Amino acid sequence: MQRLCGLNSAKRGKRRRMKIPVGIIDNADASHEGIKSVDANNRCEFSITSDLCICIVTWNMNGQVGYEDIRKLVGNERKYDLLVIGLQEVPRSNVLELLENALAESHLFLGKAVMQSLQLYMFGSKNSELHIKELKVDKQGIGGCGGLIRRKKGAVAIRITYKGINMVFISCHLSAHARKVEERNSEFRHISQYLFSKNWNPYSKQAQVTVWLGDLNYRLQGVNTFPARDLIHNDLHGLLTDKDQLLQEAERGQVFNGYYEGTLHFKPTYKYNIGTNVYDTSHKVRVPAWTDRILYKVEGKEIEATLHLYEPIEGVYGSDHKPVKAHLCLKIIK
């Protein structure tokens with residue numbers, strides 16, 4: 001296949017997020033408002049019990065890149081069928097070449113969606129091209145001049161039919177700062193409405209699986225930096241999820257209706273001093289936040305999705321963000 005480049009939401013309980021055991025999704029109750037939390041089931045047999053296993057990674061690179069960080073980004077476990085990598089604030093260097101070198105022994109480059117510093121790459125296991133029926137790309141900017149400083153805001157996307165499953169992967173970078181909640185909500189709606197709208201075919205099949213990944217930039221609301229850091233230091237960061245703007249806005253029905261996300265068991269991924277595991281010690285001493293997220297939605301009852309992993313990637317220090325990885329497996333219900 002020729003390489004493709006460039007770019008053309010159960011009853012709600014008392015808790016903010018409804019938990020579903022071991023990552024299995026019941027698609028029948030996906031009409032609620034808010035984001036459902038699923039605990040990852042870490043046991044995966046890699047396509048033995050699933051039709052498709054996908055590794056999804058998001059990372060804000062902060063304009064810097066090194067091969068060692070790229071190598072850790074892709075990891076050593078390579079049994080998955082597809083690897084989807086969304087990057088924000090990508091520097092002016094050939095990141096694709098670094099990714100290809102790191103994955104040379106296991107995966108092939110399938111396609112990319114690029115809008116300046118906002119980039120999305122897809123790789124497949126050997127002979128994966130035989131399973132692709134369709135692969136399209138698109139992009140949607142949301143204004144501003146962030147592209148001039150390699151901080152382009154908006155979204156890039158890949159739409160693919162793989163092993164008969166229609167999927168859309170959307171990598172985004174939304175507006176920064178805690179006060180810009182409504183801007184982020186509006187950007188999400190704008191991107192959702194206009195991606196792939198130019199050549200929309202009303203008779204085409206709806207995406208069965210939609211995945212959003214990226215620096216969504218939602219922050220913690222109503223808590224100061226030092227109380228937040230004290231909770232994190234004492235491994236009580238789970239108490240901060242009620243302060244998370246993304247979950248609050250989803251609860252209000254503003255964004256991500258019917259989406260699922262792994263439980264936030266890990267510490268906030270932003271903002272770190274570069275080269276360390278220490279939160280921001282600059283004069284701004286920013287409140288730590290889960291800015292970097294991966295969410296997914298399954299339409300209909302033909303696909304069963306199991307989340308096997310949702311965690312940061314350890315040992316990557318080249319940015320003020322920590323990468324986040326998800327492992328999602330899909331099974332066709334016959």
Side-chain angles (χ1 to χ4, degrees), residues 9 16-19 23 25 34-40 54-62 73 84-89 118-120 142 153-157 168-178 180-181 183-185 187-189 191-192 209-221 232 237-238 240-252 254-272 286-298 305 307-313 316 319-328:
S9 282
R16 186 174 304 279
R17 308 177 82 190
M18 176 179 176
K19 288 195 174 185
I25 295 173
I35 294 170
K36 290 185 181 179
S37 173
V38 293
D39 282 329
I54 312 167
C55 180
I56 305 157
V57 176
T58 181
W59 188 31
N60 183 319
M61 303 179 76
N62 193 38
L73 203 69
V84 180
I85 302 176
L87 303 172
Q88 308 86 44
E89 298 189 19
L118 184 54
Q119 304 179 8
L120 178 64
I142 51 177
K153 300 300 194 295
V156 291
V168 175
F169 297 89
I170 303 168
S171 178
C172 68
H173 193 185
L174 306 183
S175 289
H177 306 302
K180 294 193 175 181
V181 180
E183 285 90 337
R184 287 187 281 275
N185 294 349
E187 290 161 1
F188 165 79
R189 291 189 290 266
I191 292 167
S192 299
V209 179
T210 302
V211 178
W212 280 70
L213 58 149
D215 182 357
L216 276 65
N217 252 325
Y218 286 90
R219 309 300 175 93
L220 296 184
Q221 187 77 31
I232 296 167
H237 42 275
L240 293 171
T241 57
D242 283 344
K243 306 293 185 181
D244 181 76
Q245 290 177 340
L246 177 57
L247 301 184
Q248 291 175 349
E249 295 306 301
E251 178 73 9
R252 292 177 55 222
Q254 299 299 303
V255 292
F256 290 103
N257 184 48
Y259 277 78
Y260 296 81
E261 181 186 23
T263 307
L264 295 172
H265 289 307
F266 53 88
K267 296 179 180 180
T269 55
Y270 174 84
K271 173 181 172 129
Y272 288 88
R286 292 174 178 84
V287 181
W290 288 283
T291 56
D292 311 279
R293 313 288 277 265
I294 301 171
L295 305 100
Y296 57 98
K297 184 177 184 179
V298 180
L307 183 69
H308 288 290
L309 187 73
Y310 190 46
E311 64 184 24
I313 299 175
V316 177
S319 172
D320 51 359
H321 291 252
K322 298 300 182 185
V324 174
K325 173 171 63 175
H327 180 190
L328 186 67

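Quick note: numbers below take in every heavy atom, side chains included, and nothing from hydrogens, waters or symmetry partners. Just so it is clear, the structure is predicted and the values come from calculations on it, not from any experiment. Throughout, numbering of the chain's residues begins at 1 and tracks the sequence.
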### Query
How long is the gap from CD1 on Ile56 to CG on Leu328, to the nearest 0.5 Å?
5.0 Å
### Task
Kindly indicate, with the supporting measurements, whether the criterion side chain to side chain contact (heavy atoms under 4.5 Å, CB included) is fulfilled by Ile170 and Thr210.
CA-CA 8 Å; Ile170 303 168; Thr210 302; 4.2 Å; yes
### Message
Taking the side chain as everything from C-beta on, heavy atoms only, tell me whether Val84 gets closer than 4.5 Å to Val211.
### Response
no
## Note on the structure
ring-ring contact (aromatic ring centres under 6.0 Å, His included) filter on Tyr310, not counting sequence neighbours, yields Phe266
### Message
Classify the ring geometry of Phe188 against Tyr259: parallel below 30°, tilted from 30° to 60°, perpendicular beyond 60°.
### Response
perpendicular
### Task
Determine the minimum heavy-atom distance between Ala305 and Val298, stating which atoms define it.
CB-CG2, 3.8 Å
### Message
Are the side chains of Leu247 and Tyr218 in contact, using a 4.5 Å heavy-atom criterion?
### Response
no
### Task
Answer yes if the side chains of Tyr272 and Asn62 hold a donor-acceptor pair under 3.5 Å, and no otherwise.
no
### Query
Which residues pass the side-chain hydrogen bond (donor to acceptor under 3.5 Å, both in side chains) test with Asp292, sequence neighbours left out?
Thr269, His321
### Message
With a 4.5 Å cut-off on side-chain heavy atoms, are Asp39 and His265 touching?
### Response
yes
### Task
Specify the closest pair of heavy atoms between Lys153 and Ala176, including all atoms of both residues, with the distance to one decimal.
CE-N, 4.3 Å
### Query
With side chains defined as the heavy atoms from C-beta onward, is the minimum distance between Lys325 and Cys55 less than 4.5 Å?
yes
### Parallel, tilted or perpendicular: rings of His308 and His327 (30°, 60°)
tilted
## Note on the structure
Correct closest heavy-atom pair for Leu307 and Gly262 would be CD2-CA, 3.4 Å
### Query
Passes side chain to side chain contact (heavy atoms under 4.5 Å, CB included), Tyr260 versus Leu295? Steps please.
CA-CA 6 Å; Tyr260 296 81; Leu295 305 100; over 6 Å; no
#### Entry: Evaluation steps, salt bridge (Lys or Arg N to Asp or Glu O under 4.0 Å), between Arg184 and Glu187
CA-CA 5 Å; Arg184 287 187 281 275; Glu187 290 161 1; over 6 Å; no
### Task
Check whether any side-chain heavy atom of Trp59 lies under 4.5 Å from a side-chain heavy atom of Val316, and answer yes or no.
yes
### Message
Looking at every non-hydrogen atom in both residues, tell me the closest pair between Ser37 and Thr263 and how far apart they are.
### Response
OG-OG1, 2.6 Å
### Message
If the condition is side-chain contact (heavy atoms from CB on, under 4.5 Å), which residues does Lys271 pass it with, not counting sequence neighbours?
### Response
Asp280, Arg286, Asp320
### Task
Calculate, to the nearest 0.5 Å, the distance between atoms NZ and CD belonging to Lys243 and Gln221 respectively.
9.0 Å
### Query
So, does Thr58 use its side chain to make a donor-acceptor pair with the main chain of Gly214 at under 3.5 Å?
yes
### Message
side chain to side chain contact (heavy atoms under 4.5 Å, CB included) for Ser171 and Leu118? Distances and angles first, verdict last.
### Response
CA-CA 8 Å; Ser171 178; Leu118 184 54; 4.3 Å; yes
### Message
With a 3.5 Å distance limit and no angle check, can you tell me whether Arg189 reaches the backbone of Gln254 through a side-chain donor-acceptor pair?
### Response
yes
### Task
Compute whether any side-chain donor of one residue and acceptor of the other, for Asn185 and Glu249, lie under 3.5 angstrom apart.
yes
### Task
Under the side chain to side chain contact (heavy atoms under 4.5 Å, CB included) rule, what do Val209 and Val168 come out as? Steps first, then yes or no, please.
CA-CA 6 Å; Val209 179; Val168 175; over 6 Å; no
### Message
Show the nearest heavy-atom pair for residues Pro268 and His237, with the distance to one decimal.
### Response
CD-CB, 4.3 Å
### Query
Are His177 and Asn217 linked by a side-chain donor-acceptor pair shorter than 3.5 Å?
no
### Query
Between Glu261 and Arg293, is a salt bridge (Lys or Arg N to Asp or Glu O under 4.0 Å) present by the stated rule, with each step listed?
CA-CA 8 Å; Glu261 181 186 23; Arg293 313 288 277 265; 2.6 Å; yes
### Query
Are side-chain heavy atoms of Ile191 and Leu174 found at a separation under 4.5 Å?
yes
### Query
Is the Trp212-Phe256 ring centre distance short of 6.0 angstrom?
yes
### Message
Rounded to the nearest 0.5 Å, what separates atom CD in Gln248 from atom CD1 in Ile35?
### Response
11.0 Å
### Query
Is there a donor in the side chain of Asn60 and an acceptor in the side chain of Glu89, or the other way round, less than 3.5 Å apart?
yes
### Query
Between atom OG of Ser175 and atom CG of Leu216, what is the distance when rounded to the nearest 0.5 Å?
11.5 Å
### Task
Measure across Pro288 and Leu220 and return the closest heavy-atom pair with its distance rounded to 0.1 Å.
O-CD1, 3.2 Å
